[in-house]
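Have a look at the structure below before the remarks.
Order of the sequence lines sets the chain letters (A, B, ...), proteins ahead of strands, with each chain counted from 1. Model, not experiment: these values are computed from the prediction.
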Protein chains: 2
Amino acid sequence: MCPASNSSTRWCPTPEQVMILEEMYTRGGIRTPNASQIQQITAYLSLYGKIEGKNVFYWFQNHKARDRQKLRKLLNHHHHHLLSYPDSRPPPVLPQVSHYSSVGFLPQVIDLIYGK
Amino acid sequence: MCPASNSSTRWCPTPEQVMILEEMYTRGGIRTPNASQIQQITAYLSLYGKIEGKNVFYWFQNHKARDRQKLRKLLNHHHHHLLSYPDSRPPPVLPQVSHYSSVGFLPQVIDLIYGK
DNA sequence: TCACTATGAATGAATG
DNA sequence: CATTCATTCATAGTGA
C-alpha cells in the first residue's frame, strides 16, 4: 500500500493503477507485455500517478510469478480436493514431493535440521 | 505469545515451532528452503500447531533478511562512510520505446484491457 | 489510549 | 522465468 508520506524510492502504485493492472492481467489476459504494450500501459496509468515503464514490466513479471508460485499458493492447502467445485480448479501443479511414510518423514526432518 | 483462542488473521507460531525453526536456521544452516523442504518442514511443524507452507516460507525470508539487516547496521556503524546505497546497480533492463501520440494511445489501452 | 518493539506478510526490484 | 533480496506495511504484545 502507499503511505501518505512517500519518502520511498520505489514505485508505489495507486489503487486505480493496481485495479487497472489486475484488470489487464485477468480479463485482458496480459502476462508478458512487449515493449510497446508496456509503453502504452505506462502512458495510460500515468494518468493516475507517477509510474515508469519498468514498474509495469516488473509488475507483470511479479504478478505472473506469484500467481503460479509453488510457494505460498500451492504449497499451502495441501488437498482441498473435491468439494463441490463445479468449475475447473486451479492447476494442481503441486510440487509433488515424496509421500513420506509415517516412519520415513521424521528422519528426513532431522536431516533438514542437522544437515544431511 | 500466542493466544490459545486465536481469532487472529496472521500466523502465530508456538514456542516449539519457533524453537525448531531457529534450530533449523542456526544448526541446520537452512536459509532459503526450497519447495519440498518447505513442505516437509511444514508437515513436521504442524505437529505442534496450525501452520502453512507460506508461514515457513516467510519465516525464513524474514529471519534471514533481519540477520542481514543487523549485520549491515553493524558494519554501517563501524565504517558507515563506505556503505553503498542499494541503488548503485545498473539501470533496469528496460524496453525503452520512443513516443506515443497523445491522441492515439488511449483507445489502444482500452483494447489491451478488453481484448481486441 | 498511546508509544514502542518484534515479527508476520506483502511486494517492488533485481539477479542469473 | 525462478528465485532471491530489500524495504515496507500491518498487527500482536507490552508497558506506562
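- For D/dC5, the OP1/OP2 oxygens have a side-chain nitrogen or oxygen of B/Lys64 closer than 4.0 Å.
- A donor-acceptor contact under 3.5 Å is not formed by the side chain of B/Asn55 with the base of C/dA9.
- Take the nearest nucleotide of DNA chain C for B/Val18 and for B/Gln61: the residue whose nucleotide is more 5' is B/Val18.
- Dashed line: the shortest gap from a side-chain N or O of A/Thr32 to OP1 or OP2 of D/dC1 is under 4.0 Å.
- In this structure, B/Gln69 atom CD and C/dA6 atom C1' are separated by 12 Å, rounded to whole Å.
- Rounded to an integer number of Å, the gap from A/Tyr58 OH to D/dC1 P is 16 Å.
- When the side-chain hydrogen bond (donor to acceptor under 3.5 Å, both in side chains) test is applied to A/Arg31, the partners found at least two apart in sequence or on another chain are A/Tyr25.
- With A/Asn55 contributing its side chain and A/Ile51 its backbone, the two residues share no donor-acceptor pair below 3.5 Å.
- By the side-chain hydrogen bond (donor to acceptor under 3.5 Å, both in side chains) test, A/Lys64 is found to be paired with A/Thr32, residues two or more places apart in sequence or in another chain being considered.
- In this pair, B/Trp59 and B/His63 present their aromatic rings parallel. The plane angle is below 30°, not in the 30 to 60° band.
- A/Phe60 is linked by a ring-ring contact (aromatic ring centres under 6.0 Å, His included) to nothing, counting only residues two or more places apart in sequence or in another chain.
- Taking atom CZ of B/Arg31 as the reference point, atom C1' of D/dT3 lies 17 Å away to the nearest angstrom.
- At a threshold of 4.0 angstrom between heavy atoms, the contacts of B/Arg68 are confined to the sugar-phosphate backbone, with no base atom among them.
- In this entry the distance linking CD1 of A/Ile51 with P of C/dT11 reads 16 Å, nearest Å.
- With sequence neighbours left out, the side-chain hydrogen bond (donor to acceptor under 3.5 Å, both in side chains) criterion links A/Glu16 to A/Thr14.
- Note: CH2 (B/Trp59) to P (C/dA6) measures 16 Å, nearest angstrom.
- Nearest to the side chain of B/Asn62, among C/dA14, D/dT11, C/dA10, sits C/dA10.
- Between B/Phe60 atom CZ and C/dA9 atom P the separation is 14 Å, expressed in whole Å.
- With A/Gln17 contributing its side chain and A/Gly49 its backbone, the two residues share a donor-acceptor pair below 3.5 Å.
- Between the OH atom of B/Tyr25 and the P atom of C/dG8 there is a distance of 13 Å, given to the nearest Å.
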Show me the dot-bracket string of DNA chain C, counting Watson-Crick or G-U pairs under 3.5 Å, with | for pairs to another strand and [ ] for crossing ones. ||||||||||||||||

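- One finds no side-chain N or O of B/Lys54 lying less than 4.0 angstrom from the OP1 or OP2 phosphate oxygen of C/dG8.
- For the pair A/Arg66 CZ and D/dT4 P, the computed distance is 13 Å after rounding to whole Å.
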